[in-house]
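Each remark here refers to the structure printed beneath this line.
Only heavy atoms go into these numbers, but all of them, side chains included; no hydrogens, no water, no symmetry mates. Residues take their numbers from the sequence shown, with the count starting at 1. Small disclaimer: the values here were computed from a predicted structure and weren't measured.
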Amino acid sequence: MYRQEQIKPYDDSGDKSRQVEQMFDNIAPTYDVLNHRLSWDIDKCWRRKAIAQLAPYHPQQILDIATGTGDFAILSARMLRPRQLIGADISEGMMNIGREKVEREGLQHIISFQREDCMKLSFADSSFDAVTAAFGIRNFKDLNQGLSEMCRVLKKGGVLSIVELTTPVISPMKQLFNIYSHTLLPLYGKLISKDSSAYRYLTATIEAFPQGEKMMQVLRHAGFEEVAFRRLTFGICTMYFAKK
């Protein structure tokens with residue numbers, strides 16, 4: 001068990017998946033605003049880089065895991081122009097906002113949303129050319145199981161792109177990020193979202209989540225090959241790539 005699997009948003013005795021669903025339903029209306037403001041809009045650049053690493057493979061069927069409000073899915077549809085893109089998430093509250101955004105963008109013919117338990121995806125083996133995930137896999141209650149499912153639904157030779165928040169490893173950014181993540185981030189998150197636990201949980205899971213070389217080992221254990229990673233913005237975010 002990885003440390004972040006033991007961290008829950010609300011009650012230590014409750015089921016993590018149910019609590020994560022509740023948390024994201026609670027913060028869905030303010031999620032996009034907070035994401036962009038708390039990262040100074042750098043999260044948009046991180047998403048573009050993560051999608052760009054898939055471009056040489058021209059994926060036509062894409063699954064976006066922990067799709068949330070659909071930002072990654074919408075950007076993927078614009079940049080990669082697949083035939084089909086399914087956004088999967090446990091939170092209907094988040095996906096309902098995503099559905100509104102997709103309709104405004106006129107991308108209903110490409111993007112659809114589906115409620116899924118990422119520990120047990122409903123899709124058949126070898127269904128997708130690419131699987132993506134942005135800022136979501138650290139919420140898995142079983143990281144190995146979730147990544148194994150992502151590998152299972154990928155076609156042989158299919159590609160995985162993940163972008164995830166991480167802790168910087170180089171001074172002074174390491175110390176500055178620690179101060180920021182324990183003061184401004186939870187305080188501002190509480191003021192805007194009205195959920196006092198959600199952004200404390202965010203900080204705790206970032207610090208506990210395996211990253212870098214350790215995460216590469218986790219991906220290989222799940223069945224992926226040709227694993228690589230790249231730290232972005234002094235290590236505040238890390239981008240992973242893997243093949244099946």
Could you check N178 against E207 for side-chain contact (heavy atoms from CB on, under 4.5 Å), going step by step and ending with a plain yes or no?
CA-CA 9 Å; N178 182 62; E207 293 174 344; 3.7 Å; yes

Minimum heavy-atom separation for [X] and [Y], please, with both atom names.
{"X": "I7", "Y": "A208", "answer": "CD1-CB, 3.7 Å"}
{"X": "S76", "Y": "P82", "answer": "O-CD, 3.9 Å"}
{"X": "N144", "Y": "Y2", "answer": "OD1-OH, 3.0 Å"}
{"X": "I27", "Y": "S193", "answer": "CG2-CB, 3.9 Å"}
{"X": "I110", "Y": "A77", "answer": "CG2-CB, 4.2 Å"}
{"X": "G93", "Y": "D25", "answer": "N-OD1, 3.0 Å"}

When you check the gap from the basic side-chain N to the acidic O, do [X] and [Y] get nearer than 4.0 Å?
{"X": "K141", "Y": "D15", "value": "yes"}
{"X": "R47", "Y": "D43", "value": "yes"}
{"X": "R99", "Y": "E92", "value": "yes"}
{"X": "K101", "Y": "D32", "value": "yes"}
{"X": "K44", "Y": "D41", "value": "yes"}

Once the angle between the rings of Y240 and F229 is folded into 0 to 90°, is it parallel (under 30°), tilted (30 to 60°) or perpendicular (over 60°)?
tilted

Roughly how far apart are [X] [atom1] and [Y] [atom2], rounded to 0.5 Å?
{"X": "I51", "Y": "M239", "atom1": "CD1", "atom2": "CE", "value": "11.0 Å"}
{"X": "T233", "Y": "F177", "atom1": "OG1", "atom2": "CZ", "value": "11.0 Å"}
{"X": "Q145", "Y": "D117", "atom1": "CD", "atom2": "CG", "value": "9.0 Å"}
{"X": "L107", "Y": "S112", "atom1": "CG", "atom2": "OG", "value": "12.0 Å"}
{"X": "R83", "Y": "L85", "atom1": "CZ", "atom2": "CG", "value": "12.5 Å"}
{"X": "D64", "Y": "I86", "atom1": "CG", "atom2": "CD1", "value": "11.0 Å"}

Apply side-chain contact (heavy atoms from CB on, under 4.5 Å) to the pair Y10 and Y201, showing each step before the final yes or no.
CA-CA 8 Å; Y10 301 117; Y201 165 83; over 6 Å; no

Out of R200, R3, E5, R138, which one pairs with T205 under the side-chain hydrogen bond (donor to acceptor under 3.5 Å, both in side chains) rule?
R138

Check this for me: [X], atom [atom1], are more than 12 non-hydrogen atoms of other residues, nucleotides or ligands nearer than 6.0 Å?
{"X": "R18", "atom1": "CZ", "result": "no"}
{"X": "H221", "atom1": "NE2", "result": "no"}
{"X": "F234", "atom1": "CZ", "result": "no"}
{"X": "R220", "atom1": "CZ", "result": "yes"}
{"X": "Q114", "atom1": "CD", "result": "yes"}

Counting distance only, does the side-chain N/O of [X] pair as donor-acceptor with the main-chain N or O of [Y] below 3.5 Å?
{"X": "E164", "Y": "G136", "result": "yes"}
{"X": "Q4", "Y": "I206", "result": "no"}
{"X": "K8", "Y": "K16", "result": "no"}
{"X": "S161", "Y": "A50", "result": "yes"}
{"X": "R152", "Y": "L121", "result": "yes"}
{"X": "K244", "Y": "L154", "result": "yes"}
{"X": "Q61", "Y": "A130", "result": "no"}

Just wondering, do [Y] and [X] contact through their side chains at under 4.5 Å, heavy atoms?
{"X": "V169", "Y": "K174", "answer": "no"}
{"X": "Q211", "Y": "R231", "answer": "yes"}
{"X": "S122", "Y": "E116", "answer": "yes"}
{"X": "I236", "Y": "I42", "answer": "no"}
{"X": "L143", "Y": "P210", "answer": "yes"}
{"X": "L63", "Y": "Q84", "answer": "no"}

Walk me through it: do E149 and F123 pass the test side-chain contact (heavy atoms from CB on, under 4.5 Å)?
CA-CA 9 Å; E149 278 292 277; F123 308 106; over 6 Å; no

Under a single-linkage definition using a 4.5 Å side-chain heavy-atom cutoff for Ile, Leu, Val, Met, Phe, Trp and Tyr, are [X] and [Y] assigned to the same hydrophobic cluster?
{"X": "V163", "Y": "F209", "result": "no"}
{"X": "M119", "Y": "V218", "result": "yes"}
{"X": "F113", "Y": "I65", "result": "no"}
{"X": "I162", "Y": "F135", "result": "no"}
{"X": "L176", "Y": "L232", "result": "no"}

Per side-chain contact (heavy atoms from CB on, under 4.5 Å), I62 is matched among D129, V131, L80 by L80

Matching residue for E21 among N26, D89, I90 - test: side-chain contact (heavy atoms from CB on, under 4.5 Å):
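Between E21 and the candidates, side-chain contact (heavy atoms from CB on, under 4.5 Å) is satisfied uniquely by I90.
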
F241 ring center near F224 ring center (under 6.0 Å)
no

Begin from the C-alpha positions of R115 and S91 and carry the test side-chain contact (heavy atoms from CB on, under 4.5 Å) through to its verdict.
CA-CA 7 Å; R115 189 183 185 282; S91 168; over 6 Å; no

